[in-house]
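Okay, structure first, notes after.
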Amino acid sequence: TFHRHRDWLHLAHLRSRQVSRPNRDRRQHSICLATIRRRVNLALFDFDGTITFGDTWTPFMRMAVRPSRRLAARVLLAPPYIAYRLGVVDVGRVREMAARIGFSGAAASGIRDVGRRYASETLPRLIRPEAAERLKWHRARGDEIVVVSASLDVYLGPWCTERRLS
């Protein structure tokens with residue numbers, strides 16, 4: 001109902017403007033309606049497990065985090081990991097803690113560099129061929145392709161940019 005109310009207010013606003021300036025506003029109104037009527041096909045893809053064969057976060061963390069930090073993370077993350085396995089803690093929360101521990105003190109530019117390298121060298125091997133074909137099919141149709149993911153932007157961003165995906 002919120003959207004109906006908002007749409008009704010928008011139409012009421014357009015109608016009130018037509019009364020005050022009929023010639024110019026009718027033209028704007030018809031342009032607005034033409035824009036609304038233009039059909040946009042939106043293709044939404046999950047990244048991990050849909051476009052790729054599986055998880056991409058863990059291999060990235062292994063590549064990006066120094067061995068000494070990985071060892072510290074194993075010790076510090078043991079209790080949250082057990083809580084995750086018991087269903088008490090969400091995996092996103094554990095990953096957030098792992099990233100905080102793993103990247104603590106690291107330069108952001110260095111993490112971005114590793115992300116770009118991961119996107120160009122590792123991710124291509126993890127892409128499902130049928131998903132790559134489907135992305136090509138949507139692109140050929142002119143669809144807007146959007147990748148929806150909880151993956152880290154430091155590697156997903158460059159991968160999507162290279163392929164002109166949102």
Side-chain angles (χ1 to χ4, degrees), residues 1-7 9-10 35-36 38-166:
T1 59
F2 173 74
H3 294 290
R4 287 183 190 160
H5 179 69
R6 187 185 64 204
D7 293 342
L9 287 176
H10 180 70
T35 303
I36 291 170
R38 192 179 120 240
R39 186 174 204 164
V40 176
N41 290 322
L42 184 63
L44 301 172
F45 284 85
D46 179 44
F47 191 66
D48 288 341
T50 302
I51 293 177
T52 66
F53 287 108
D55 176 44
T56 58
W57 186 87
T58 303
F60 173 74
M61 292 299 285
R62 284 189 188 119
M63 179 182 185
V65 177
R66 296 186 324 257
S68 61
R69 279 293 198 195
R70 284 199 308 258
L71 180 61
R74 284 185 182 171
V75 172
L76 295 171
L77 292 173
Y81 180 74
I82 292 168
Y84 156 69
R85 297 298 288 180
L86 293 172
V88 177
V89 177
D90 180 53
V91 70
R93 180 74 178 124
V94 177
R95 285 183 173 190
E96 181 184 319
M97 289 186 282
R100 186 175 295 124
I101 293 167
F103 297 135
S104 180
S109 60
I111 297 168
R112 282 192 295 271
D113 290 342
V114 173
R116 282 190 289 275
R117 194 170 78 240
Y118 182 77
S120 65
E121 296 172 7
T122 304
L123 285 181
R125 295 189 310 261
L126 302 177
I127 304 301
R128 293 175 184 265
E130 60 273 16
E133 287 300 315
R134 195 65 173 176
L135 289 168
K136 286 179 189 175
W137 182 80
H138 279 289
R139 181 169 313 288
R141 289 185 47 183
D143 297 344
E144 176 71 24
I145 305 168
V146 177
V147 177
V148 182
S149 181
S151 295
L152 295 175
D153 192 52
V154 293
Y155 62 84
L156 187 57
W159 187 85
C160 287
T161 300
E162 183 178 314
R163 286 153 187 80
R164 297 183 327 270
L165 305 173
S166 300

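- Among all heavy-atom pairs drawn from Ala119 and Pro158, the shortest one is CB-CB, 4.1 Å.
- The closest side-chain heavy-atom distance from Lys136 to Glu133 is below 4.5 Å.
- By the 4.5 Å heavy-atom criterion applied to side chains, Phe103 and Met61 are counted as neighbours.
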Check your understanding: Would Arg139 and Arg164 satisfy side chain to side chain contact (heavy atoms under 4.5 Å, CB included), going step by step from the backbone distance to the final call?
Key -> CA-CA 10 Å; Arg139 181 169 313 288; Arg164 297 183 327 270; 3.5 Å; yes
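- Between Tyr155 and Phe47, the ring-plane angle classifies as tilted under the 30° and 60° cut-offs.
- A donor-acceptor pair under 3.5 Å links the side-chain atoms of Arg70 to the main chain of Val65, judged by distance alone.
- Test Ile51, Ile145, Val146 against Leu165 for side-chain contact (heavy atoms from CB on, under 4.5 Å) and you get one pass: Ile145.
- Not one N or O on the side chain of Arg112 forms a donor-acceptor pair closer than 3.5 Å with the backbone of Val154.
- Residues Asp113 and Arg116 are paired through a salt bridge, judged by an N-O separation under 4.0 Å between the basic side chain and the carboxylate.
- Other residues, nucleotides and ligands contribute only 12 or fewer heavy atoms inside 6.0 Å of the OH atom of Tyr84.
- Rounding to the nearest 0.5 angstrom, the gap separating the CG atom in Leu44 from the OG1 atom in Thr50 is 11.5 Å.
- Checking Asp48 against Ser151 by side-chain atom types alone, a donor-acceptor pair falls below 3.5 Å.
- We find that Arg100 and Glu96 are joined by a salt bridge, their nearest charged nitrogen and carboxylate oxygen being less than 4.0 Å apart.
- The local environment of CZ in Arg163 is crowded, with over 12 non-hydrogen atoms from other residues, nucleotides or ligands closer than 6.0 Å.
- Within a 6.0 Å radius of CZ in Arg74, other residues, nucleotides and ligands contribute 12 heavy atoms or fewer.
- Closest of all the heavy-atom pairs between Met97 and Pro80 is CE-CB, 3.4 Å.
- Interatomic distance, NE2 of His138 versus CG of Leu42, reported as 9.5 Å (0.5 Å rounding).
- The backbone N or O of Ile101 lies less than 3.5 Å from no partner atom in the side chain of Ser104, so there is not a single donor-acceptor pair.
- Interatomic distance, Asn41 CG to Asp143 CG, rounded to the nearest 0.5 Å: 4.5 Å.
- Counted within 6.0 Å of CZ on Arg141, heavy atoms from surrounding residues, nucleotides or ligands total more than 12; the atom is thus considered enclosed.
- Taking the charged nitrogens against the carboxylate oxygens, Arg95 and Asp55 do have a contact shorter than 4.0 Å, which makes a salt bridge.
- Nearest heavy-atom pair across Ser149 and Leu156 is CB-CD2, 3.5 Å.
- In this structure a side-chain-to-backbone donor-acceptor pair under 3.5 Å is present from Arg125 to Glu121.
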